[in-house]
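Excluded from the calculations below are hydrogen atoms, water molecules and symmetry mates; all remaining heavy atoms, backbone and side chain alike, are included. Count residues from 1 along the sequence.
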Amino acid sequence: MTEPDLPSPPWRHGTARRPRAARPPLSRDQIVEAGLRIVAAEGVEAASMRRVAAEFGTGPSSLYAHVANRDELLDLMFDRACAGIEVPEPDPVRWPEQVKQMVRESYTRLMAYRDLARAALATVPIGPNALRITEATMAVLLAGGIPPKIAGWAVDRIFLYLVAEVYESSLRQASIEATGKDPEQYFAHWVEQLASYYESLPPQHFPHLHRHARDMTGGDGDERFLFGLDLLVDGLARYAQTPAKRSTSTA
């Protein structure tokens, strides 16, 4: 006999609880991806443990089963941002272009995540994607005849240049967005003001700033980044050893 569906007694109204639907279990990947979405839209400061947890309708404590703290989460997010960057088969002839290509691609990917690069300053990224890129860069430099110590230092300096450039760009982007103005027009106006200021300086005291103001302020952020990258990588060529020198130094 089927049990009748009885109404709840009036004295229980407001006290009976409906069973809560079980939330699907979280994973580290889901947490990292949610953090990246927040950073891409609002920046690193917005990506608190509480805010990331809110993306799943839960509290911060539910994240700690997967990440130790916010610092670890930022490390994981940075490493995920580096995923998919192509690494080449080392070519002793094309090594400068191979290094530049990896850095250019890294720059493009990190720029999509505002100031996430800040998480990589004053630390050494050791996630699987970061290690893969570091290993590939070392391999390319060594194949080009760069001595191991110089290659190791070069990887450090190039990486520092990359993350510092992306971080500075994110700060500039945030400042422009805060004005509510069109970014391109605002930046062009700011550069024009700077150039005009240099030109207004007394030439007897600042002859070069006065005369070359337009050269100094020309070019956008991407052009200047690529220029700096050329300086770094092309400067390494002076350290490249011929096969004969390499065999002698490693004998």
Establish whether [X] and [Y] are linked, either directly or via other cluster members, by ILVMFWY side-chain heavy-atom contacts under 4.5 Å.
| X | Y | result |
| --- | --- | --- |
| L171 | L162 | yes |
| V163 | L226 | yes |
| M77 | L131 | no |
| V155 | V124 | no |

Among residues at least two apart in sequence or on other chains, which ones pass salt bridge (charged side-chain N to carboxylate O under 4.0 Å, His left out) with [X]?
| X | answer |
| --- | --- |
| D230 | K100 |
| R109 | E105 |
| R80 | D29, E33 |
| R214 | E192, E199 |

Pairs involving [range], ordered by first then second residue, that meet ring-ring contact (aromatic ring centres under 6.0 Å, His included) (sequence neighbours left out):
| range | answer |
| --- | --- |
| residues 69-101 | none |
| residues 114-141 | none |
| residues 196-224 | none |

Would you give me the side-chain donor-acceptor pairs under 3.5 Å for residues 133-153, sequence neighbours excluded?
{"from": "T134", "atom 1": "OG1", "to": "A130", "atom 2": "O", "distance (Å)": "2.9"}
{"from": "T137", "atom 1": "OG1", "to": "I133", "atom 2": "O", "distance (Å)": "2.8"}

With Y107 via ring-ring contact (aromatic ring centres under 6.0 Å, His included) - residues at least two apart:
F225
List the atom pairs, with distances to 0.1 Å, where a side-chain N or O of residues 48-57 and a protein N or O form a donor-acceptor pair under 3.5 Å, not counting sequence neighbours.
{"from": "S48", "atom 1": "OG", "to": "R51", "atom 2": "N", "distance (Å)": "3.0"}
{"from": "R51", "atom 1": "NH1", "to": "E42", "atom 2": "OE1", "distance (Å)": "3.2"}
{"from": "R51", "atom 1": "NH1", "to": "E42", "atom 2": "OE2", "distance (Å)": "3.3"}
{"from": "R51", "atom 1": "NH2", "to": "E42", "atom 2": "OE2", "distance (Å)": "2.6"}

If a pair satisfies salt bridge (Lys or Arg N to Asp or Glu O under 4.0 Å) and one of its residues is in residues 161-190, list it, with sequence neighbours excluded.
R114-E177
Nonpolar side-chain network containing F227, other nodes, edges under 4.5 Å
L231
Donor-acceptor pair, distance only, cut-off 3.5 Å: does the side chain of N129 make one with the backbone of C82?
no
Do NZ/NE/NH1/NH2 and the carboxylate oxygens of R94 and E89 come within less than 4.0 Å?
no
